[in-house]
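Below: one structure, written as structure tokens.
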Amino acid sequence: MEMEVRKRKAELYRYQGVGFGIYILASAYLFYMVLGIDSDYISWKFGNGIAVLVTASICIVYALFVAAAGLVIRLGACRILEILTTECDPFLYEACIRRNNKLLFRDRLMCNIALAQHCQGNFDREWETLQGIDVRKLKGIFRVNYYILLSAQYFKRGMGLKVRELEEGFRRSISGQTQYQQEYGQMNCRGRKRKEWRYFEMLCAGNNLIRALENQDYHAASRFLYDRMELNGNVEKPWTKVNYALKEAKIYLGLGDQESAKLCLEYVVSKGNRMWCVQEAERILEALPEP
């Protein structure tokens with residue numbers, strides 16, 4: 001796997017090299033234009049309006065350069081993420097991201113490592129990784145992933161009652177207002193706050209799904225699974241489809257529909273690659289009675 005890690009990291013470095021190269025060109029362009037254009041002469045010759053337009057055009061071109069550089073670097077990071085989301089290989093994904101920058105984004109990196117370990121089924125290492133994360137330094141998708149992973153750990157360790165505290169902690173992290181103000185704000189918030197509330201709903205729907213499965217309330221579990229998938233917004237990635245297919249199979253089994261459950265489990269086995277859920281699906285398939 002070491003050769004594959006080097007290959008993927010080399011691809012990432014190529015994207016980063018192109019991105020930083022564009023940053024350098026953008027800076028050179030900005031300095032050249034600022035130092036090379038006599039704005040006083042333009043103002044005298046053509047008027048202040050033209051001078052302002054020239055300055056604005058320089059800034060716009062520079063901004064486009066910077067945006068392009070950021071896009072290229074982001075594309076490289078997405079290519080690494082696809083190892084998990086598209087290729088369903090959490091072991092290779094963890095190996096590729098472990099050497100990333102721990103100075104500026106340590107807690108984000110550790111959150112992604114915990115996610116990889118969860119998908120591997122390496123729950124003890126995941127627990128240790130989560131303990132070393134400062135949730136106060138996480139935002140957006142990283143923060144909700146932290147709460148989702150920690151909630152799953154609590155359920156596995158028989159600490160399900162503490163999950164409510166996690167949900168309330170996430171709610172408080174969105175807003176320091178009273179509960180009534182939070183509920184009112186949830187209906188009227190916009191932009192980033194609205195996304196944060198959607199993340200909160202994702203957390204609750206996923207936890208309610210686990211509770212329903214534990215309580216063998218499969219009709220409720222089906223509703224919560226649908227809610228979770230709808231809130232997710234993007235269920236086309238293979239790793240997402242595989243994870244949901246395993247939960248769907250457990251619901252079908254609980255409802256007595258073994259044929260549908262078998263189809264879901266076979267999908268997990270065929271598409272899950274090195275995900276832990278493949279082992280779980282194979283175990284369930286082996287335990288199914290012969291038709």
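For the pair F200 and E167, the tightest heavy-atom approach, listed with the atom from each and the gap, is CE1-O, 3.2 Å. Taking every heavy atom of both residues into account, V5 and A95 meet most closely at CG2-CB, 3.6 Å. When all heavy atoms are compared, the tightest approach of S151 to L203 is OG-CD1, 3.7 Å. Taking every heavy atom of both residues into account, R274 and L92 meet most closely at NH1-N, 4.4 Å. The nearest pair of heavy atoms linking T129 to M110 is CG2-O, 3.3 Å. The shortest non-hydrogen separation linking C119 to L84 is SG-CD1, 4.1 Å.
Within the 4.5 Å cutoff, no side-chain heavy atoms of I148 are placed close to those of L115. Residues F142 and N112 meet the side-chain proximity criterion, which asks for heavy atoms closer than 4.5 Å.
Salt bridge absent: R211 and E214 never bring a charged side-chain N and a carboxylate O closer than 4.0 Å. Salt-bridge annotation for R143 and E196: present, with a side-chain N of the basic residue lying under 4.0 Å from a carboxylate O of the acidic one. Electrostatic pairing of R98 and E94 counts as a salt bridge here, judged by a charged N lying under 4.0 Å from a carboxylate O. Note on E4 versus R8: salt bridge recorded, some NZ/NE/NH1/NH2 to OD/OE distance being below 4.0 Å. Ion pairing between E280 and R283 holds under the 4.0 Å rule for side-chain N and carboxylate O.
The aromatic rings of Y23 and F20 sit tilted, their planes meeting at an angle between 30° and 60°. Aromatic ring pairs are classed by plane angle as parallel below 30°, tilted from 30° to 60° and perpendicular above 60°; the pair F170 and Y147 is perpendicular.
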Run the salt bridge (Lys or Arg N to Asp or Glu O under 4.0 Å) test on E2 and R6 for me, step by step, so that the C-alpha distance in whole Å, both residues' side-chain angles and the decisive distance to 0.1 Å come before the verdict. CA-CA 6 Å; E2 184 63 27; R6 291 179 181 176; 3.7 Å; yes
Might you work through the side-chain contact (heavy atoms from CB on, under 4.5 Å) test for L246 and C264, ending with a clear yes or no? CA-CA 7 Å; L246 180 61; C264 290; over 6 Å; no
Tell me, with the steps shown, if E165 and E168 meet side-chain contact (heavy atoms from CB on, under 4.5 Å). CA-CA 5 Å; E165 298 177 15; E168 186 58 31; 5.7 Å; no
Hey, mind stepping through T85 and Y93 against side-chain contact (heavy atoms from CB on, under 4.5 Å) and telling me if it holds? CA-CA 9 Å; T85 61; Y93 175 67; over 6 Å; no
Is there a side-chain contact (heavy atoms from CB on, under 4.5 Å) between Y154 and K162? Walk through the geometry before answering. CA-CA 7 Å; Y154 279 2; K162 295 186 66 175; 3.8 Å; yes
Any chance you could lay out the side chain to side chain donor-acceptor pair (under 3.5 Å) test for R157 and Q153, step after step, and finish with the verdict? CA-CA 6 Å; R157 294 171 180 270; Q153 280 282 346; 2.8 Å; yes
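Cluster annotation: L263 is not connected to M229 through the hydrophobic network of ILVMFWY side chains, with a link wherever side-chain heavy atoms come within less than 4.5 Å. Under a hydrophobic clustering in which Ile, Leu, Val, Met, Phe, Trp and Tyr are joined whenever their side-chain heavy atoms come within less than 4.5 Å, directly or via other members, L138 and L130 fall into the same cluster. Each of Y15 and L25 belongs to its own hydrophobic cluster when Ile, Leu, Val, Met, Phe, Trp and Tyr are linked at side-chain heavy-atom distances under 4.5 angstrom. Hydrophobic cluster membership is shared by L255 and Y244, with clusters built from Ile, Leu, Val, Met, Phe, Trp and Tyr side chains linked at under 4.5 angstrom. No single ILVMFWY cluster, assembled from side-chain heavy atoms under 4.5 Å apart, contains both I210 and Y252.
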List, one per line, each side-chain donor-acceptor pair under 3.5 Å for residues 62-80, sequence neighbours excluded.
residue	atom	partner	partner atom	Å
R79	NE	E11	OE2	2.9
R79	NH1	E82	OE1	3.3
R79	NH2	E11	OE2	3.1

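A distance of 5.5 Å separates CG in N232 from OG1 in T240, rounded to the nearest 0.5 Å. Taking OH of Y199 as the start and CG of L231 as the end, the distance is 11.5 Å to the nearest 0.5 Å. Between N145 atom CG and I133 atom CD1 the span is 10.0 Å, to the nearest 0.5 Å. Within the model, atoms CG of L149 and SG of C111 stand 6.0 Å from one another, a figure rounded to the nearest 0.5 Å. To the nearest 0.5 Å, atom CD1 of residue I113 and atom CD of residue Q120 are 10.0 Å apart. Interatomic distance, CD1 of I83 versus CD1 of I97, reported as 9.0 Å (0.5 Å rounding).
The backbone N or O of R136 lies less than 3.5 Å from a partner atom in the side chain of D134, making a donor-acceptor pair. Judged purely by atom type and a 3.5 angstrom limit, K9 uses its side chain to pair as donor or acceptor with the backbone of C96. A distance-only check finds a donor-acceptor pair linking the side chain of N273 to the backbone of E87 [under 3.5 Å].
Each ring pair (Phe, Tyr, Trp, His ring centres under 6.0 Å) pair with one or both residues in residues 207-233, not counting sequence neighbours, would appear here, but there are none.
Seen from the ring of F123, K156 counts as a face-on cation partner, given the 6.0 Å and 45° thresholds.
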